[in-house]
**Student:** 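Have a look at this one before I ask anything.
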2 protein chains.
Amino acid sequence: MDLKDRDADASRRIRTAAVLLFAQRGYAATSIRDLAREVGMTNAGIYHHVSSKEALLADLMRVAQQGLIDATERMLRGVRSPADRLALLISSLTASHALGPMTTRVMDGELRSLTPGSAVRDQIIALRDAYEDHWRLALADGVAEGVFRIADQRLTRLALMSMCTGTSEWYRPDGDSTLEQVCAEFVAIGLAAVRASAQVVATPDLSLLPDFPWEPPDVRNDPRPAEARR
Amino acid sequence: MDLKDRDADASRRIRTAAVLLFAQRGYAATSIRDLAREVGMTNAGIYHHVSSKEALLADLMRVAQQGLIDATERMLRGVRSPADRLALLISSLTASHALGPMTTRVMDGELRSLTPGSAVRDQIIALRDAYEDHWRLALADGVAEGVFRIADQRLTRLALMSMCTGTSEWYRPDGDSTLEQVCAEFVAIGLAAVRASAQVVATPDLSLLPDFPWEPPDVRNDPRPAEARR
DNA sequence: ACCCTCCTACCGAACGTTCGGTCGCTCTAA
DNA sequence: TTAGAGCGACCGAACGTTCGGTAGGAGGGT
(Lines give C-alpha, C1' and ligand atoms only; values in the text may rest on other atoms or scores of the structure.)
Protein backbone atom coordinates (compact mmCIF):
# COMPACT_ATOMS: atom_id res chain seq x y z
CA MET A 1 0.00 0.00 0.00
CA ASP A 2 1.13 3.54 -0.66
CA LEU A 3 2.68 5.13 2.37
CA LYS A 4 0.44 8.19 2.17
CA ASP A 5 -2.62 5.97 2.13
CA ARG A 6 -1.25 3.89 4.95
CA ASP A 7 -0.77 6.98 7.09
CA ALA A 8 -4.24 8.27 6.33
CA ASP A 9 -5.71 4.88 7.09
CA ALA A 10 -3.89 4.62 10.41
CA SER A 11 -5.01 8.10 11.42
CA ARG A 12 -8.57 7.25 10.56
CA ARG A 13 -8.50 3.97 12.45
CA ILE A 14 -7.02 5.69 15.51
CA ARG A 15 -9.72 8.34 15.48
CA THR A 16 -12.49 5.83 14.95
CA ALA A 17 -11.26 3.75 17.86
CA ALA A 18 -10.84 6.88 19.99
CA VAL A 19 -14.41 7.98 19.36
CA LEU A 20 -15.64 4.52 20.27
CA LEU A 21 -13.64 4.22 23.48
CA PHE A 22 -14.12 7.82 24.63
CA ALA A 23 -17.87 7.45 24.10
CA GLN A 24 -18.11 4.11 25.90
CA ARG A 25 -15.74 4.57 28.85
CA GLY A 26 -15.11 8.30 28.87
CA TYR A 27 -11.91 10.14 28.01
CA ALA A 28 -10.31 9.88 31.44
CA ALA A 29 -10.99 6.16 31.70
CA THR A 30 -9.42 5.41 28.31
CA SER A 31 -5.66 4.96 28.19
CA ILE A 32 -3.39 5.38 25.22
CA ARG A 33 -2.62 1.69 25.59
CA ASP A 34 -6.31 0.80 25.34
CA LEU A 35 -6.47 2.85 22.18
CA ALA A 36 -3.33 1.25 20.78
CA ARG A 37 -4.62 -2.25 21.45
CA GLU A 38 -7.87 -1.41 19.64
CA VAL A 39 -6.04 -0.33 16.47
CA GLY A 40 -3.35 -3.02 16.66
CA MET A 41 -0.39 -0.85 17.55
CA THR A 42 1.80 -0.14 20.52
CA ASN A 43 1.26 2.91 22.66
CA ALA A 44 4.40 4.46 21.17
CA GLY A 45 3.09 4.04 17.66
CA ILE A 46 0.04 6.13 18.44
CA TYR A 47 2.25 9.16 18.99
CA HIS A 48 3.34 9.13 15.36
CA HIS A 49 -0.16 10.15 14.40
CA VAL A 50 -1.24 12.21 17.39
CA SER A 51 0.63 14.88 19.31
CA SER A 52 -1.07 14.17 22.64
CA LYS A 53 -4.09 12.47 24.10
CA GLU A 54 -5.78 15.77 24.81
CA ALA A 55 -5.04 17.11 21.30
CA LEU A 56 -6.68 13.98 19.90
CA LEU A 57 -9.82 14.62 21.94
CA ALA A 58 -9.86 18.28 20.98
CA ASP A 59 -9.53 17.34 17.33
CA LEU A 60 -12.45 14.93 17.49
CA MET A 61 -14.62 17.48 19.24
CA ARG A 62 -13.75 20.40 17.00
CA VAL A 63 -14.41 18.51 13.77
CA ALA A 64 -17.67 17.13 15.11
CA GLN A 65 -18.92 20.50 16.29
CA GLN A 66 -17.90 22.19 13.05
CA GLY A 67 -19.59 19.44 11.04
CA LEU A 68 -22.82 20.00 12.95
CA ILE A 69 -22.66 23.73 12.29
CA ASP A 70 -21.97 23.27 8.59
CA ALA A 71 -24.78 20.77 8.19
CA THR A 72 -27.18 23.04 10.06
CA GLU A 73 -26.37 26.01 7.87
CA ARG A 74 -26.76 23.90 4.74
CA MET A 75 -30.18 22.80 5.97
CA LEU A 76 -31.37 26.25 6.95
CA ARG A 77 -30.14 27.94 3.78
CA GLY A 78 -32.99 29.92 2.28
CA VAL A 79 -35.54 28.83 4.86
CA ARG A 80 -37.26 31.91 6.26
CA SER A 81 -40.24 30.78 8.29
CA PRO A 82 -39.33 30.39 11.99
CA ALA A 83 -41.53 27.31 12.29
CA ASP A 84 -39.75 25.67 9.38
CA ARG A 85 -36.38 26.62 10.81
CA LEU A 86 -37.24 25.24 14.24
CA ALA A 87 -38.49 22.02 12.67
CA LEU A 88 -35.25 21.66 10.71
CA LEU A 89 -33.16 22.38 13.80
CA ILE A 90 -34.98 19.68 15.72
CA SER A 91 -34.78 17.15 12.90
CA SER A 92 -31.13 17.68 12.14
CA LEU A 93 -29.97 17.70 15.76
CA THR A 94 -31.97 14.56 16.49
CA ALA A 95 -30.82 12.75 13.35
CA SER A 96 -27.20 13.72 13.97
CA HIS A 97 -27.35 12.22 17.44
CA ALA A 98 -29.15 9.13 16.18
CA LEU A 99 -26.70 8.44 13.34
CA GLY A 100 -23.54 9.56 15.12
CA PRO A 101 -24.13 8.50 18.71
CA MET A 102 -20.48 7.96 19.60
CA THR A 103 -19.22 11.17 18.04
CA THR A 104 -22.00 13.26 19.54
CA ARG A 105 -21.62 11.75 22.99
CA VAL A 106 -17.98 12.76 23.00
CA MET A 107 -18.86 16.16 21.55
CA ASP A 108 -21.59 16.81 24.13
CA GLY A 109 -20.01 15.30 27.20
CA GLU A 110 -16.24 15.63 27.19
CA LEU A 111 -15.77 19.38 27.27
CA ARG A 112 -14.82 19.06 30.93
CA SER A 113 -11.85 16.91 29.92
CA LEU A 114 -10.16 19.76 28.06
CA THR A 115 -7.77 21.89 30.12
CA PRO A 116 -9.63 24.95 31.38
CA GLY A 117 -8.46 28.12 29.69
CA SER A 118 -6.76 26.30 26.83
CA ALA A 119 -7.17 27.74 23.37
CA VAL A 120 -8.80 24.64 21.88
CA ARG A 121 -11.32 24.49 24.67
CA ASP A 122 -12.29 28.13 24.19
CA GLN A 123 -12.53 27.56 20.47
CA ILE A 124 -14.87 24.60 20.88
CA ILE A 125 -17.02 26.54 23.32
CA ALA A 126 -17.22 29.32 20.74
CA LEU A 127 -18.34 26.79 18.14
CA ARG A 128 -20.99 25.52 20.49
CA ASP A 129 -22.21 29.04 21.09
CA ALA A 130 -22.33 29.65 17.34
CA TYR A 131 -24.44 26.54 16.90
CA GLU A 132 -26.84 27.49 19.67
CA ASP A 133 -27.27 30.92 18.12
CA HIS A 134 -29.25 29.28 15.33
CA TRP A 135 -31.71 28.07 17.94
CA ARG A 136 -31.79 31.40 19.73
CA LEU A 137 -32.46 33.22 16.48
CA ALA A 138 -35.20 30.88 15.29
CA LEU A 139 -37.07 31.14 18.58
CA ALA A 140 -36.63 34.92 18.81
CA ASP A 141 -37.79 35.40 15.21
CA GLY A 142 -40.82 33.23 15.82
CA VAL A 143 -41.77 35.32 18.83
CA ALA A 144 -41.08 38.59 17.02
CA GLU A 145 -43.27 37.52 14.09
CA GLY A 146 -46.00 36.44 16.46
CA VAL A 147 -46.08 32.82 15.28
CA PHE A 148 -44.56 31.42 18.52
CA ARG A 149 -45.91 31.98 22.00
CA ILE A 150 -43.09 31.24 24.42
CA ALA A 151 -42.93 32.04 28.12
CA ASP A 152 -39.14 31.73 28.40
CA GLN A 153 -37.09 31.32 25.23
CA ARG A 154 -33.96 30.06 26.98
CA LEU A 155 -35.98 27.50 28.90
CA THR A 156 -37.72 26.27 25.78
CA ARG A 157 -34.48 26.04 23.85
CA LEU A 158 -32.74 24.06 26.59
CA ALA A 159 -35.67 21.67 26.95
CA LEU A 160 -35.85 20.95 23.24
CA MET A 161 -32.12 20.62 22.79
CA SER A 162 -31.92 18.16 25.69
CA MET A 163 -34.65 16.13 24.09
CA CYS A 164 -32.76 16.01 20.78
CA THR A 165 -29.29 15.31 22.18
CA GLY A 166 -30.65 12.58 24.45
CA THR A 167 -31.31 10.57 21.31
CA SER A 168 -27.70 9.41 21.20
CA GLU A 169 -28.29 7.52 24.43
CA TRP A 170 -31.05 5.22 23.27
CA TYR A 171 -31.59 5.27 19.50
CA ARG A 172 -30.81 2.06 17.62
CA PRO A 173 -31.14 1.82 13.82
CA ASP A 174 -32.68 -1.62 14.24
CA GLY A 175 -34.99 -0.51 17.03
CA ASP A 176 -38.72 -0.03 17.20
CA SER A 177 -38.93 3.44 15.70
CA THR A 178 -37.47 4.61 12.43
CA LEU A 179 -35.43 7.77 12.32
CA GLU A 180 -38.21 9.49 10.39
CA GLN A 181 -40.72 8.62 13.11
CA VAL A 182 -38.44 9.96 15.81
CA CYS A 183 -37.85 13.23 13.97
CA ALA A 184 -41.52 13.67 13.18
CA GLU A 185 -42.54 13.07 16.77
CA PHE A 186 -39.88 15.41 18.15
CA VAL A 187 -40.84 18.13 15.68
CA ALA A 188 -44.44 17.78 16.78
CA ILE A 189 -43.43 18.11 20.43
CA GLY A 190 -41.23 21.11 19.64
CA LEU A 191 -43.92 22.95 17.73
CA ALA A 192 -46.37 22.27 20.53
CA ALA A 193 -43.85 23.66 22.99
CA VAL A 194 -43.76 26.99 21.16
CA ARG A 195 -47.53 27.00 20.49
CA ALA A 196 -46.73 27.37 16.80
CA SER A 197 -49.68 28.62 14.83
CA ALA A 198 -48.00 28.22 11.45
CA GLN A 199 -47.95 24.99 9.54
CA VAL A 200 -44.60 23.37 8.83
CA VAL A 201 -43.81 22.70 5.21
CA ALA A 202 -40.05 22.13 5.30
CA THR A 203 -38.90 18.54 4.99
CA PRO A 204 -35.42 17.72 6.25
CA ASP A 205 -33.00 16.48 3.62
CA LEU A 206 -31.11 13.79 5.50
CA SER A 207 -28.35 13.81 2.90
CA LEU A 208 -27.36 17.21 4.29
CA LEU A 209 -26.63 15.78 7.73
CA PRO A 210 -23.11 16.16 9.09
CA ASP A 211 -20.59 13.56 8.04
CA PHE A 212 -18.87 12.55 11.26
CA PRO A 213 -15.77 11.11 9.62
CA TRP A 214 -14.72 8.92 12.54
CA GLU A 215 -18.01 7.56 13.73
CA PRO A 216 -17.42 3.85 14.25
CA PRO A 217 -19.41 1.47 12.07
CA ASP A 218 -22.34 0.21 14.07
CA VAL A 219 -20.89 -2.50 16.25
CA ARG A 220 -23.53 -5.17 16.48
CA ASN A 221 -21.85 -6.61 19.53
CA ASP A 222 -23.47 -3.91 21.65
CA PRO A 223 -21.38 -0.79 21.53
CA ARG A 224 -23.59 0.83 24.12
CA PRO A 225 -23.57 0.42 27.89
CA ALA A 226 -26.24 -1.92 29.13
CA GLU A 227 -28.34 0.77 30.74
CA ALA A 228 -29.02 2.32 27.33
CA ARG A 229 -30.18 -0.88 25.70
CA ARG A 230 -33.79 -0.88 26.77
CA MET B 1 -17.18 16.20 69.81
CA ASP B 2 -18.52 12.71 70.28
CA LEU B 3 -16.57 10.14 68.30
CA LYS B 4 -19.71 8.76 66.70
CA ASP B 5 -20.66 12.24 65.56
CA ARG B 6 -17.15 12.90 64.32
CA ASP B 7 -17.23 9.76 62.24
CA ALA B 8 -20.63 10.59 60.84
CA ASP B 9 -19.46 14.08 60.04
CA ALA B 10 -16.33 12.86 58.27
CA SER B 11 -18.36 10.36 56.26
CA ARG B 12 -20.78 13.07 55.25
CA ARG B 13 -18.02 15.48 54.24
CA ILE B 14 -16.32 12.78 52.21
CA ARG B 15 -19.52 11.96 50.37
CA THR B 16 -20.38 15.59 49.77
CA ALA B 17 -16.95 16.23 48.31
CA ALA B 18 -17.16 13.03 46.26
CA VAL B 19 -20.48 14.05 44.73
CA LEU B 20 -19.03 17.46 43.88
CA LEU B 21 -15.83 16.14 42.29
CA PHE B 22 -17.43 13.19 40.51
CA ALA B 23 -20.04 15.53 39.04
CA GLN B 24 -17.54 18.15 37.95
CA ARG B 25 -14.64 16.07 36.63
CA GLY B 26 -16.13 12.61 36.37
CA TYR B 27 -15.37 9.55 38.48
CA ALA B 28 -12.36 8.36 36.49
CA ALA B 29 -10.74 11.79 36.50
CA THR B 30 -11.08 12.15 40.29
CA SER B 31 -8.40 10.58 42.47
CA ILE B 32 -8.67 9.56 46.07
CA ARG B 33 -6.01 12.19 46.76
CA ASP B 34 -8.16 14.90 45.14
CA LEU B 35 -10.99 13.80 47.37
CA ALA B 36 -8.78 13.74 50.45
CA ARG B 37 -7.47 17.24 49.78
CA GLU B 38 -11.03 18.52 49.43
CA VAL B 39 -12.02 17.20 52.87
CA GLY B 40 -8.70 18.04 54.54
CA MET B 41 -7.34 14.54 54.97
CA THR B 42 -4.71 12.28 53.49
CA ASN B 43 -5.58 9.56 51.02
CA ALA B 44 -5.03 6.95 53.72
CA GLY B 45 -7.49 8.66 56.01
CA ILE B 46 -10.24 8.32 53.42
CA TYR B 47 -10.00 4.55 53.64
CA HIS B 48 -11.12 4.61 57.25
CA HIS B 49 -14.54 5.67 56.04
CA VAL B 50 -14.78 4.04 52.63
CA SER B 51 -13.89 0.51 51.57
CA SER B 52 -12.95 1.41 48.00
CA LYS B 53 -13.35 4.17 45.48
CA GLU B 54 -15.84 2.15 43.45
CA ALA B 55 -17.86 1.23 46.56
CA LEU B 56 -18.08 4.93 47.38
CA LEU B 57 -19.46 5.69 43.91
CA ALA B 58 -21.88 2.80 44.09
CA ASP B 59 -23.09 4.00 47.48
CA LEU B 60 -23.74 7.52 46.21
CA MET B 61 -25.60 6.21 43.17
CA ARG B 62 -27.68 3.67 45.03
CA VAL B 63 -28.85 6.11 47.68
CA ALA B 64 -29.64 8.76 45.07
CA GLN B 65 -31.60 6.38 42.88
CA GLN B 66 -33.48 4.97 45.86
CA GLY B 67 -34.26 8.47 47.08
CA LEU B 68 -35.73 9.37 43.72
CA ILE B 69 -37.88 6.25 43.75
CA ASP B 70 -39.12 6.89 47.28
CA ALA B 71 -39.94 10.51 46.53
CA THR B 72 -41.75 9.54 43.33
CA GLU B 73 -43.88 6.98 45.12
CA ARG B 74 -44.70 9.47 47.88
CA MET B 75 -45.81 11.96 45.24
CA LEU B 76 -47.87 9.50 43.21
CA ARG B 77 -49.57 7.97 46.25
CA GLY B 78 -53.30 8.00 45.68
CA VAL B 79 -53.12 9.82 42.36
CA ARG B 80 -55.17 7.90 39.79
CA SER B 81 -55.50 10.07 36.70
CA PRO B 82 -52.75 9.32 34.17
CA ALA B 83 -52.49 13.01 33.26
CA ASP B 84 -51.95 13.93 36.89
CA ARG B 85 -49.42 11.15 37.30
CA LEU B 86 -47.49 12.20 34.22
CA ALA B 87 -47.49 15.80 35.40
CA LEU B 88 -46.15 14.76 38.79
CA LEU B 89 -43.48 12.56 37.20
CA ILE B 90 -42.30 15.47 35.07
CA SER B 91 -42.34 17.94 37.94
CA SER B 92 -40.56 15.74 40.41
CA LEU B 93 -37.88 14.53 37.99
CA THR B 94 -37.23 18.08 36.83
CA ALA B 95 -37.16 19.52 40.35
CA SER B 96 -34.91 16.73 41.58
CA HIS B 97 -32.40 17.51 38.85
CA ALA B 98 -32.67 21.24 39.45
CA LEU B 99 -32.15 21.03 43.21
CA GLY B 100 -29.67 18.17 43.22
CA PRO B 101 -27.63 18.75 40.07
CA MET B 102 -24.42 17.18 41.33
CA THR B 103 -26.05 14.09 42.78
CA THR B 104 -28.23 13.53 39.73
CA ARG B 105 -25.38 14.03 37.29
CA VAL B 106 -23.44 11.31 39.05
CA MET B 107 -26.57 9.15 39.24
CA ASP B 108 -27.38 9.57 35.55
CA GLY B 109 -23.92 9.53 34.05
CA GLU B 110 -21.57 7.31 35.99
CA LEU B 111 -23.16 3.91 35.57
CA ARG B 112 -20.44 3.09 33.06
CA SER B 113 -17.83 3.52 35.79
CA LEU B 114 -19.14 0.56 37.78
CA THR B 115 -17.55 -2.81 36.99
CA PRO B 116 -19.74 -4.62 34.44
CA GLY B 117 -21.47 -7.59 35.97
CA SER B 118 -20.88 -6.50 39.55
CA ALA B 119 -23.72 -6.94 41.99
CA VAL B 120 -23.99 -3.26 42.88
CA ARG B 121 -24.16 -2.28 39.24
CA ASP B 122 -26.94 -4.75 38.54
CA GLN B 123 -28.76 -3.55 41.62
CA ILE B 124 -28.59 0.08 40.54
CA ILE B 125 -29.76 -0.83 37.03
CA ALA B 126 -32.68 -2.64 38.64
CA LEU B 127 -33.50 0.49 40.65
CA ARG B 128 -33.41 2.55 37.48
CA ASP B 129 -35.73 0.12 35.78
CA ALA B 130 -38.08 0.28 38.74
CA TYR B 131 -38.13 4.07 38.50
CA GLU B 132 -38.79 4.05 34.77
CA ASP B 133 -41.66 1.65 35.28
CA HIS B 134 -43.62 4.48 36.84
CA TRP B 135 -43.29 6.37 33.57
CA ARG B 136 -44.12 3.32 31.49
CA LEU B 137 -47.21 2.66 33.55
CA ALA B 138 -48.48 6.24 33.50
CA LEU B 139 -48.18 6.45 29.73
CA ALA B 140 -49.69 3.02 29.15
CA ASP B 141 -52.61 3.80 31.47
CA GLY B 142 -53.23 7.09 29.72
CA VAL B 143 -53.37 5.33 26.37
CA ALA B 144 -55.55 2.52 27.73
CA GLU B 145 -57.99 5.02 29.20
CA GLY B 146 -58.07 6.97 25.97
CA VAL B 147 -56.85 10.23 27.50
CA PHE B 148 -53.42 10.09 25.81
CA ARG B 149 -52.80 9.76 22.08
CA ILE B 150 -49.22 8.53 21.68
CA ALA B 151 -47.59 7.17 18.53
CA ASP B 152 -44.73 5.44 20.34
CA GLN B 153 -44.79 5.24 24.13
CA ARG B 154 -41.11 4.40 24.51
CA LEU B 155 -40.15 7.28 22.26
CA THR B 156 -42.31 9.72 24.16
CA ARG B 157 -41.02 8.55 27.50
CA LEU B 158 -37.38 8.88 26.45
CA ALA B 159 -37.94 12.34 24.99
CA LEU B 160 -39.63 13.64 28.12
CA MET B 161 -37.17 12.05 30.51
CA SER B 162 -34.24 13.54 28.57
CA MET B 163 -35.88 16.93 28.82
CA CYS B 164 -36.26 16.58 32.60
CA THR B 165 -32.82 15.15 33.36
CA GLY B 166 -31.14 17.78 31.20
CA THR B 167 -32.18 20.33 33.80
CA SER B 168 -29.21 19.43 35.98
CA GLU B 169 -26.91 20.82 33.26
CA TRP B 170 -28.22 24.36 33.15
CA TYR B 171 -30.57 25.22 36.02
CA ARG B 172 -29.40 27.81 38.52
CA PRO B 173 -31.48 28.80 41.55
CA ASP B 174 -30.53 32.42 40.96
CA GLY B 175 -31.20 32.22 37.23
CA ASP B 176 -33.88 33.76 35.06
CA SER B 177 -36.59 31.16 35.63
CA THR B 178 -37.94 29.95 38.94
CA LEU B 179 -38.26 26.25 39.59
CA GLU B 180 -42.03 26.57 39.47
CA GLN B 181 -41.86 28.15 36.03
CA VAL B 182 -39.59 25.41 34.75
CA CYS B 183 -41.83 22.66 36.06
CA ALA B 184 -44.97 24.31 34.74
CA GLU B 185 -43.46 24.75 31.29
CA PHE B 186 -42.16 21.19 31.15
CA VAL B 187 -45.50 19.80 32.28
CA ALA B 188 -47.18 21.78 29.52
CA ILE B 189 -44.75 20.38 26.95
CA GLY B 190 -45.24 16.86 28.28
CA LEU B 191 -49.01 17.01 28.17
CA ALA B 192 -48.86 18.39 24.64
CA ALA B 193 -46.57 15.52 23.69
CA VAL B 194 -49.21 12.97 24.73
CA ARG B 195 -52.11 15.03 23.32
CA ALA B 196 -53.68 14.91 26.77
CA SER B 197 -57.35 15.66 26.66
CA ALA B 198 -57.78 15.68 30.44
CA GLN B 199 -57.09 18.70 32.60
CA VAL B 200 -54.34 18.43 35.18
CA VAL B 201 -55.35 19.18 38.72
CA ALA B 202 -52.46 17.71 40.69
CA THR B 203 -50.00 20.18 42.16
CA PRO B 204 -46.56 18.86 43.07
CA ASP B 205 -45.66 19.11 46.73
CA LEU B 206 -42.01 20.09 46.60
CA SER B 207 -41.51 19.07 50.21
CA LEU B 208 -41.89 15.47 49.01
CA LEU B 209 -38.84 15.73 46.75
CA PRO B 210 -35.95 13.38 47.41
CA ASP B 211 -33.46 14.43 50.03
CA PHE B 212 -30.11 13.86 48.40
CA PRO B 213 -28.13 13.72 51.65
CA TRP B 214 -24.75 14.53 50.11
CA GLU B 215 -25.65 17.19 47.59
CA PRO B 216 -23.04 19.92 48.08
CA PRO B 217 -24.31 23.29 49.26
CA ASP B 218 -24.63 25.54 46.25
CA VAL B 219 -21.11 26.72 45.63
CA ARG B 220 -21.40 30.31 44.52
CA ASN B 221 -17.93 30.19 43.06
CA ASP B 222 -19.29 28.40 39.99
CA PRO B 223 -19.56 24.71 40.69
CA ARG B 224 -20.46 24.06 37.07
CA PRO B 225 -18.26 23.78 34.02
CA ALA B 226 -18.17 26.93 31.97
CA GLU B 227 -20.18 25.52 29.11
CA ALA B 228 -23.21 25.14 31.35
CA ARG B 229 -23.20 28.70 32.60
CA ARG B 230 -25.07 30.38 29.79
C1' DA C 1 17.60 -4.66 -13.46
C1' DC C 2 20.25 -3.36 -9.54
C1' DC C 3 22.11 -0.93 -5.47
C1' DC C 4 22.24 2.75 -2.33
C1' DT C 5 20.29 6.19 0.33
C1' DC C 6 16.53 8.42 2.43
C1' DC C 7 12.26 8.59 4.87
C1' DT C 8 8.57 7.12 7.62
C1' DA C 9 5.66 4.09 10.19
C1' DC C 10 6.20 1.63 14.03
C1' DC C 11 8.36 -0.99 18.04
C1' DG C 12 10.76 -2.14 22.68
C1' DA C 13 12.02 -0.14 26.57
C1' DA C 14 12.17 3.10 29.64
C1' DC C 15 11.25 7.80 31.84
C1' DG C 16 9.07 10.27 35.91
C1' DT C 17 4.57 10.63 37.83
C1' DT C 18 0.31 9.28 39.69
C1' DC C 19 -2.91 5.77 40.57
C1' DG C 20 -5.82 2.81 44.20
C1' DG C 21 -4.79 0.72 48.20
C1' DT C 22 -2.11 -1.08 52.62
C1' DC C 23 0.48 -1.04 56.94
C1' DG C 24 1.88 0.45 61.34
C1' DC C 25 2.31 4.21 64.15
C1' DT C 26 0.57 8.44 66.84
C1' DC C 27 -2.58 11.04 69.03
C1' DT C 28 -6.87 11.99 71.21
C1' DA C 29 -11.34 11.60 73.25
C1' DA C 30 -13.95 8.85 76.27
C1' DT D 1 -6.59 2.33 79.51
C1' DT D 2 -8.44 1.56 75.28
C1' DA D 3 -10.56 2.11 70.64
C1' DG D 4 -10.28 4.15 66.56
C1' DA D 5 -9.49 8.40 63.51
C1' DG D 6 -6.02 9.97 60.95
C1' DC D 7 -1.10 10.26 59.22
C1' DG D 8 3.50 9.17 56.93
C1' DA D 9 5.54 6.01 54.27
C1' DC D 10 5.15 2.86 51.08
C1' DC D 11 3.58 -0.91 47.45
C1' DG D 12 2.90 -2.67 42.68
C1' DA D 13 0.67 -1.22 38.76
C1' DA D 14 -0.67 1.83 35.35
C1' DC D 15 -0.44 6.36 33.49
C1' DG D 16 1.13 9.80 29.40
C1' DT D 17 5.06 10.52 27.01
C1' DT D 18 9.86 10.08 25.07
C1' DC D 19 13.76 7.98 22.80
C1' DG D 20 16.79 5.15 20.04
C1' DG D 21 16.38 1.80 16.90
C1' DT D 22 14.55 -1.02 12.89
C1' DA D 23 12.09 -2.80 8.90
C1' DG D 24 10.77 -1.80 4.51
C1' DG D 25 8.73 1.01 0.82
C1' DA D 26 10.08 5.17 -2.21
C1' DG D 27 13.09 7.39 -5.33
C1' DG D 28 17.21 8.31 -8.01
C1' DG D 29 21.40 6.98 -10.38
C1' DT D 30 23.50 3.62 -13.11
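Each chain gets a letter, A, B and so on, in the order the sequences are listed, and its residues count up from 1.
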**Student:** Does B:S31 make a side-chain N or O approach to OP1 or OP2 of C:dT18 shorter than 4.0 Å?
**Tutor:**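 For C:dT18, OP1/OP2 do not have a side-chain N/O of B:S31 under 4.0 Å.
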**Student:** Could you give the CD1-to-P distance, from B:I32 to C:dT18, as a whole number of Å?
**Tutor:**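 To the nearest whole Å, that distance equals 16 Å.
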**Student:** Do B:S162 and A:E169 pair up side chain to side chain, a donor and an acceptor below 3.5 Å, judged on atom types alone?
**Tutor:**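 B:S162 vs A:E169: no donor-acceptor pair found between side chains.
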**Student:** Rounded to the Å, how far apart are B:R33 CZ and D:dC15 P?
**Tutor:** 16 Å
**Student:** Side chain of B:M41 only, heavy atoms from C-beta on: which candidate in D:dT17, C:dC10, D:dC7 is closest?
**Tutor:**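 Selected nucleotide (nearest to the side chain): D:dC7.
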**Student:** Pick the closest DNA chain D nucleotide for B:A44 and for A:Y47 by heavy atoms, then say which residue is nearer the 5' end.
**Tutor:** B:A44
**Student:** To the nearest Å, how far apart are A:L35 CG and D:dC15 C1'?
**Tutor:** 14 Å
**Student:** Quiz question: going by heavy-atom distance under 3.5 Å, is there a donor-acceptor pair between the base of C:dG21 and the side chain of B:N43?
**Tutor:**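 Per atom types, the contact qualifies.
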**Student:** Of the listed nucleotides (D:dG16, C:dC10, C:dG20), which one gets closest to any side-chain atom of A:A10?
**Tutor:** C:dC10
**Student:** Given D:dA5, D:dG16, C:dC10, identify the nucleotide with an atom nearest to the side chain of B:H48.
**Tutor:** D:dA5
**Student:** Whole angstroms only, please: what is the CG-C1' distance between B:L56 and C:dG21?
**Tutor:** 14 Å
**Student:** Could you tell me whether B:T30 contacts a base, only the sugar-phosphate backbone, or nothing, with contacts defined as non-hydrogen atoms closer than 4.0 Å?
**Tutor:** sugar-phosphate
**Student:** Regarding B:D152 and A:S177, do their side chains bring together a donor and an acceptor under 3.5 Å, going by distance alone?
**Tutor:**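 Side-chain D/A pair, B:D152 to A:S177: present.
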**Student:** Atom CD1 of A:I14 to atom P of C:dA9: distance rounded to whole Å?
**Tutor:**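 Checked: the CD1 to P distance equals 11 Å.
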**Student:** Distance check, rounded to the nearest 0.5 Å: B:L93 atom CG versus B:M75 atom CE?
**Tutor:**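 If we round to the nearest 0.5 Å, B:L93:CG and B:M75:CE are 11.0 Å apart.
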**Student:** Take atom CG of A:D34 and atom P of D:dC15, then tell me their distance rounded to the nearest Å.
**Tutor:** 6 Å
**Student:** Does a side-chain N or O from B:H49 land closer than 4.0 Å to OP1 or OP2 of D:dG6, or not?
**Tutor:**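 For D:dG6, OP1 or OP2 has a side-chain N or O of B:H49 closer than 4.0 Å.
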**Student:** Write down the distance between NZ (B:K53) and P (C:dG21), rounded to a whole number of angstrom.
**Tutor:** 8 Å
**Student:** Just verifying a value: how many Å separate A:Y47 OH and A:I14 CD1, rounded to the nearest 0.5 Å?
**Tutor:**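 Going from OH on A:Y47 over to CD1 on A:I14, the span is 11.0 Å.
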**Student:** Could you go step by step and tell me if B:R128 and B:I125 meet the side-chain contact (heavy atoms from CB on, under 4.5 Å) rule?
**Tutor:** CA-CA 5 Å; B:R128 233 178 71 155; B:I125 290 178; 5.5 Å; no
**Student:** Ignoring the backbone of A:S52, work out which of D:dC15, C:dG20, D:dT17 is nearest its side chain.
**Tutor:**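 Closest nucleotide to the A:S52 side chain: D:dT17.
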